[in-house]
Each structure stands twice: as structure tokens, then as C-alpha cells.
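Values reported hereafter were calculated over all heavy atoms of this structure, with side chains retained and with hydrogens, waters and symmetry mates removed. Letters go in sequence order (proteins before strands), and every chain restarts at 1.
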Amino acid sequence: MEKISVFSGVAAPLRRSNVDTDQIIPAVYLKRITKTGFEDALFAAWRGDKEFVLNQEPYKKAQVLVAGPDFGTGSSREHAVWALRDYGFKAVFSSKFADIFRGNSGKQGLIAGVISDADTEKLWAAIEANPGVEITVDLPNQTATIGSLVVPFEIDEYTKWRLLEGLDDIGLTLRDEQAITDFEAKRESWRPKTLPAKH
Amino acid sequence: MSNKPLTLAEKVWNNHLVTKGENGSPDLLYIDLHLVHEVTSPQAFDGLRMANRPVRRPDLTIATEDHNTPTVDIDKPIADITSRTQIEALRKNAAEFGIRIHSLGDIDQGIVHVVGPQLGLTMPGITVVCGDSHTSTHGAFGALAMGIGTSEVEHVLATQTLPLKPFKTMAINVEGTLRSGVTAKDIILAVIAKIGTGGGQGYVLEYRGSAIRALSMEARMTICNMSIEAGARAGMVAPDETTFAYLKGRPHAPEGADWDAAVEYWKTLPTDEGAKFDAEVFLDADTLDPFVTWGTNPGQGVSLLDSVPNPEEISDPNEKAAALRALEYMDLQPGTKMKDIRVDTVFLGSCTNSRIEDLRAAAAIIKGRKKADGLRMMVVPGSQRVRVQAEQEGLDAIFKEFGAEWRFAGCSMCLGMNPDQLAPGERAASTSNRNFEGRQGKGARTHLVSPLVAAATAIRGTLSSPADLEEQN
Ligand code: SF4
């Protein structure tokens, strides 16, 4: 997982609330066997609509999504985060996230930053006044900046640290690799082994 | 502190602590055995590839094909593209990462939760995980066995460990002696009806008491299998002589000095006298009837001697609403006697009830009797080995003579990922574990039953127990 600190990218306004994971990625895409390549599946039901924000030129390359409240509700599918990540998003801002979505985001290198409803409106206004404008996300200082507009966002300390260090769950565990190796050295020989195969 | 009496689950947990979590972060537990199947593993392997990570312990990992596999024409290519893609991905991943795999046609192929115990890989005092919620099955041996999600599958493949939050313990005490015709399946359906589908949330259940001690290993697996249907993280039974006898001599069971050392340790595992459970539930085995479900979750069950309940008499508003919806979906009227419910299909199979004892029990009942007119019965052994053993015992002949379909091993109609599905509106008595809307096919109606009830139902055409057959004679 890549380390995230400060970056700038195009911001897209998603003026919708209650965007659930079925809308982020419909169930038909869950049949796939890869963990990447879900960019086409993101908001699939809406992408057919020319008016949809991500179909508009300045927003096609967006890296930051500013959405209404209750983002990522519904089924716990991790694919929702994969689809956002594969499309190119590095951060999503909303005044409220579903817990599971927020947890999944932290594990996959996507910032899910909580901002106030008033700041959501301000960001939307700033973006729409100047479509294609870049937003600067500063994770260490927890701010999102467009021009002179500086919006603070919340993220829990643990997730922040992981994103800054670029540690996914596995990377985190492998920091304790020595402890795992030590544990393995003490395991009794009666414990099951699948190899060599016996029948 | 060190002499604090502990439960079985706590002992196994403590024995696998790699690091203890501090300030609310999870404990890191070592995983002794990782079972893999085709549905929840492809993205885990893909994740390893993306991060350039190897499988840490291929020698503690084993894969089998089960959810998607056809149960007829297994030598032909799989027609459904999704199914075929998942199976091909598993084969490719197993080859690439050096993992043992039992593919369609192999003698050890079968439902992952039948294969592990059958090979003697599942044993007391170990931790077992699999990307499948019914991993709780393996708890029957006194193992701590948990279902996990795909990202956790990747985590275990890469590290052979899992970060886990602490759990609570619940004792399910079942005392007494089961009457003839009443089985482990009825115990677990009654337990779930009693505590509800969320009643076990956050708990590891330990099934205890004289009725549990009297059960065979396969019956204990049936019970632990459905722990997840009560929302529990895992279900366990303390190991005893029954466990040791079942394990001894199996391909991967310890041998010689290892066996002696293992048994000595296993005998220390049962819950200590005076250990405290966070919750306790009691069930009387003496008075238990065969249990069947009427609704669309496994907690919506009643005695077979009862009737479809009246939702108006349910006080909890959520449960009442769920019951109303369930009855509509199931097309049932309150007050209908369960025994008057006519079924179209009987499914004998799934990781809950597809082992040799289940097949024997059902065969003993149908032997020499006639199948109800127009009813379809499908028998799907849990593994190829079970199928072969059943054939050696002549059970296949009994099923075929009766008019049942004798299939190859797999999950089959338990979830209908392969072509074994019910038609819309079709009603089944099924020995599986989930009666959710659409689980066995779009619009399909499922009644969960024991193998004995399944067999008797296949004869009478309505939900029945073996006792009903005697009355008929
Ligand atoms: S038999 Fe059913 S419950 Fe068991 S593993 Fe297969 S699909 Fe899951």
C-alpha cells in the first residue's frame, strides 16, 4: 500500500446523500475474481447518464470525492473501496460514513475524511464555481484546501497513522514477523500439516 | 491469576496468542489450519500477487472445490462461466502458490467442512479458519474454528495469523437423552429458535451436557456447523474419548509419540470446574421433538408436532414483521399443522448433514419403502470419499431403488451456485442450514430438517418424522 501524506488532485462534487455500496458498485460485479480493475464498475448504474458528475469532462480524472451524508451504507462489500480506488480516488469526504465502509477504506489506502455539513456545502460551491479545480489534501494536518478555503477533516488516529505509513493489515501484522517466527518455533509436532499429502 | 479456571475456548485462544493486543487493539492469533475454496479465495490470491507476497505456510493450507462444482457429468466442462472461472482460478492459484488442492474428480474432493475432518486435519486444540461462515463445524473437535472474509483469507495466507477481537463465552447446556427419531439437527434448530439468529453475536458457544457427550462426532459437527446461524463467532464441543476414537488412524492424525503427546494435551482442554461463562442457555433433551423451520431464517422453527405460528401473537414488533413477511414468502397460513405441509423436493446434503452417518440414517428409513408420488429427492454426499463409502455399503442402491437422485459431492442445492436449484415457488425439505429467501433458487421455499425427517418426508410427501411411518403400517 502506498504511503499517503499531502497530495493535490481534481475534486468532484457528488450531491447525493445515502450513497450505499450497491450504488457504489452493483452486485453483478462481485462475480469477478480479481481485486483490481473495478474502475468501470464504480457507480455503474449512474455512469450511463450523461449528466452524471463523473461523466463531465473536468471531473473524469477526479481524485477526491465530496459526497453527501451517509456514504457507504448497506452491504459490507470491500469492492466499494476497490472501485473507488481503481477509478483513481484517493480521498472521499462526507459528513457521515457507514462504519464498515470507513474501516474498509483505511485498510485499502483510501482516506475517508469526515467534514461538517456546512463545509460540505462550501466545498461543493467552490468546486462548482471552478469545475476542474484542484483540492489539496493534507493528511498530517487533516485539512482539505481549495484556494483560500481551508476545511478541516476528521480521521481516527490509528487509521491516519496507517495511511501515513502505507500499512495495510498484512503490512501491519508483518511488523511482528519475529514474534510469528518465534511462535512457530515452539509449535508442537502433532499439529496438523497438509503437506506432504496423505490419503 | 494463573490458576483462574478457564473455558475450553479461552484455553485454545491463549494457546495461540502471538501478540497480545494493547489499548483495545486486537490480539494476534496463530492459525493452525487454513481451508480454502474457490469462491472466497481468488481475490485473496490476487492481493498477494499485487503486493508480491508469498503464502507463508502452504503446509498448513489446503484447498478443495465445492461451492460451484456440478454434481452430475463431472467429467464435462462446467457450463456456467462464473463457476468455471472461479474453479479455474483456484487451480491456477494453488499451482502458483504451492497449495495442495483436491479438484473435481479427486477422491478427497468435497465440501471443505467435510474434507478437513475426514482427512484427520481437524483436531482438538487447534485454530481453523476458512473463508466460509460454516467453518464453525470444526469446533466439534474442540478446535477454535471461525469463518472469515476474503481480506482475512489474504491475511492468513500471507502471515498465518489473524488479528482478532476478544470474544464472550456462552454455555449451551443440553441435558438428558434424545428420544428415538430426534437428532443433533433438532437440538441445534431448537437452540437457534430459542436464542434467535442474533443471540450468539460476539460469543463463542460451547455445547455441553450429557446429551452432547452422547453424540457421535458427526452429530457434533452438525450442531457446531449451525452456530453461525445463531450469529456466534464459533461453536465448540470439548474433546473426549469419542473425539480421539474418531481421529485415530485418519490420514493426517498424529501418530506414535505425537499421538500420545497430543492426547495428553487434549485432555487438558475441557472447561475447568468453576470457569465462568458470560451467558448460559439450557435445553432439555428428554422432551425435544423433531424440529423444522416454517420461515425464512433458521430461528423461525417449531416442533414438527406444532403448527405454523400466528404472527399476531408475537409481541416483538420486528419479529412480528419478519414473521408476516416470511409467511407470505413461504405461502403458509398461521395454524397450519407442520405435518400438513406438502413438499416438492427433498434435499439430503450440505456441510450440515451429508456425512456417512447422515446417509446411513436416511437410507435405513427409506429402505423397502416407496417415495411419494411426484416428489423429487436428491442425495448429495459431502465428499467423494463419503460417496465411495456409501456405495461400498450399498446405500446408493437403496437411494436409487427408492427413486432418489444419487449425485457427486459438493455444496449443491444448499446454495444453488451450481445448476442444483429449486424452481420459483418450489418447496423443499432440506437438511442444509439456511432457509433464506432465494437461497436454494429464486422464489424457492425451504424447510430445514434433519436427515430422518427428510427421509420420512420423502415417503409421505408432507413434513414427517419416522414415527409417522410406523403409524402408517
Ligand atoms: S454446503 Fe452450504 S453451507 Fe456448507 S459450505 Fe457449502 S454452501 Fe456453505
Side-chain angles (χ1 to χ4, degrees), chain A residues 1-2 27-38 75-79 81-82 85-86 100 103-104 106-109 156-159 161-162 166-199, chain B residues 16-19 25 28 30 32-34 42-51 53 56-62 81-82 85-86 88-89 98-100 107-108 116 119-123 125-126 149-152 154-155 158-163 251-255 257-259 261-262 265:
Chain A
M1 209 165 97
E2 256 176 65
V28 291
Y29 293 96
L30 309 190
K31 288 185 174 178
R32 294 188 179 171
I33 56 166
T34 55
K35 206 177 164 175
T36 52
F38 286 92
S75 119
S76 63
R77 63 189 67 155
E78 293 165 65
H79 303 68
V81 177
W82 300 346
R85 179 201 62 196
D86 290 350
I100 295 181
N104 289 341
K107 293 175 181 186
Q108 305 287 346
D156 72 83
E157 279 303 313
Y158 178 69
T159 305
W161 168 73
R162 289 180 61 163
L167 286 170
D168 62 4
D169 273 345
I170 294 173
L172 205 59
T173 295
L174 288 177
R175 288 158 49 100
D176 284 326
E177 205 192 326
Q178 192 53 49
I180 300 174
T181 306
D182 293 347
F183 185 94
E184 284 176 329
K186 289 188 311 211
R187 285 178 81 235
E188 301 89 337
S189 56
W190 57 260
R191 291 187 187 270
K193 278 226 171 74
T194 57
L195 296 172
K198 299 184 206 168
H199 300 275
Chain B
H16 289 84
L17 267 183
V18 176
T19 57
S25 67
L28 190 66
Y30 198 79
D32 286 313
L33 180 63
H34 187 187
Q43 278 140 343
F45 285 110
D46 205 41
L48 292 184
R49 255 189 303 269
M50 275 164 68
R53 289 174 173 139
R56 183 179 178 92
R57 296 297 300 265
D59 60 333
L60 305 183
T61 311
I62 184 169
I81 290 194
T82 307
T85 312
Q86 289 185 342
E88 281 169 0
I99 288 168
R100 172 176 175 185
I107 180 74
D108 282 312
L119 283 169
L121 287 166
T122 304
M123 51 183 83
I126 65 168
T150 296
S151 52
E152 292 168 307
E154 183 181 337
H155 192 281
T159 69
Q160 203 59 35
T161 63
L162 201 58
H252 284 273
E255 292 172 65
D258 273 347
W259 173 264
Y265 171 63

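- Contact annotation: the side chain of B:Q86 approaches that of A:I33 to within less than 4.5 Å [non-hydrogen atoms, C-beta and beyond].
- At a 4.5 Å heavy-atom cutoff, the contact between B:Y265 and chain A is made by side-chain atoms alone.
- Among residues two or more places apart in sequence or in another chain, the ring pair (Phe, Tyr, Trp, His ring centres under 6.0 Å) test is passed with A:H79 by A:F38, A:W82.
- To the nearest 0.5 Å, atoms NE2 (A:H199) and CD1 (B:I107) are separated by 10.0 Å.
- At a 4.5 Å heavy-atom cutoff, the contact between B:A262 and chain A is made by backbone and side-chain atoms alike.
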Practice prompt. Mind running side chain to side chain contact (heavy atoms under 4.5 Å, CB included) on A:I180 and B:Q160 for me, showing each step along the way?
Written response: CA-CA 8 Å; A:I180 300 174; B:Q160 203 59 35; 5.5 Å; no

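- Around the NZ atom of A:K198, the shell of radius 6.0 Å holds more than 12 heavy atoms that belong to other residues, nucleotides or ligands.
- For the set B:P42, B:A44, B:G120, B:P251, the entry with the most heavy-atom pairs within less than 4.5 Å of chain A is B:P251.
- Looking at B:H252, its side chain does come within 3.5 Å of a backbone N or O of A:K193 through a donor-acceptor pair.
- Summarising the geometry of A:K35 relative to B:D46, their closest heavy-atom pair is N-OD2, 2.7 Å, with the distance given to 0.1 Å.
- Here A:R187 is the residue among A:K31, A:E78, A:R187 with the most heavy-atom pairs under 4.5 Å with chain B.
- Separating the OG1 atom in A:T194 from the NE2 atom in B:H34 is a distance of 11.0 Å, to the nearest 0.5 Å.
- Residue A:D168 touches chain B through its side chain alone, counting heavy-atom pairs closer than 4.5 Å.
- Heavy-atom pairs under 4.5 Å with chain A peak, among B:P58, B:P163, B:A89, at B:P58.
- With hydrogens and angles ignored, the 3.5 Å screen pairs a side-chain donor or acceptor of A:R191 with a backbone N or O of B:G125.
- Closest non-hydrogen pair, A:S189 versus B:D258, comes out as OG-OD1, 2.6 Å.
- Counting heavy-atom pairs closer than 4.5 Å to chain A, the top-ranked of the candidates B:E154, B:E255, B:R100 is B:R100.
- Only the side chain of B:T161 comes within less than 4.5 Å of a heavy atom of chain A; its backbone N, CA, C and O stay farther away.
- Contact of B:L28 with chain A is made through the side chain alone, with heavy-atom distances under 4.5 Å.
- Heavy-atom pairs under 4.5 Å with chain A peak, among B:I126, B:T85, B:L33, B:L119, at B:I126.
- Side-chain polar atoms of A:T181 and B:R56 form a donor-acceptor pair below 3.5 angstrom.
- When the candidates B:T159, B:T122, B:T82, B:D32 are compared by the number of heavy-atom contacts under 4.5 Å with chain A, B:D32 comes out ahead.
- Put simply, the side chain of B:Q43 gets close to the backbone of A:R32: a donor and an acceptor are under 3.5 Å apart.
- Taking CE of B:M50 as the start and OG1 of A:T34 as the end, the distance is 9.5 Å to the nearest 0.5 Å.
- In this view, A:R77 and A:D22, A:S75 satisfy the side-chain hydrogen bond (donor to acceptor under 3.5 Å, both in side chains) rule, not counting sequence neighbours.
- To the nearest 0.5 Å, atoms CZ (A:F183) and CG (B:L17) are separated by 8.0 Å.
- Contacts of B:L162 with chain A are absent, with no heavy-atom separation under 4.5 Å from either backbone or side chain.
- Expressed to the nearest 0.5 Å, how far CG of B:L60 lies from CD of A:E184 amounts to 7.5 Å.
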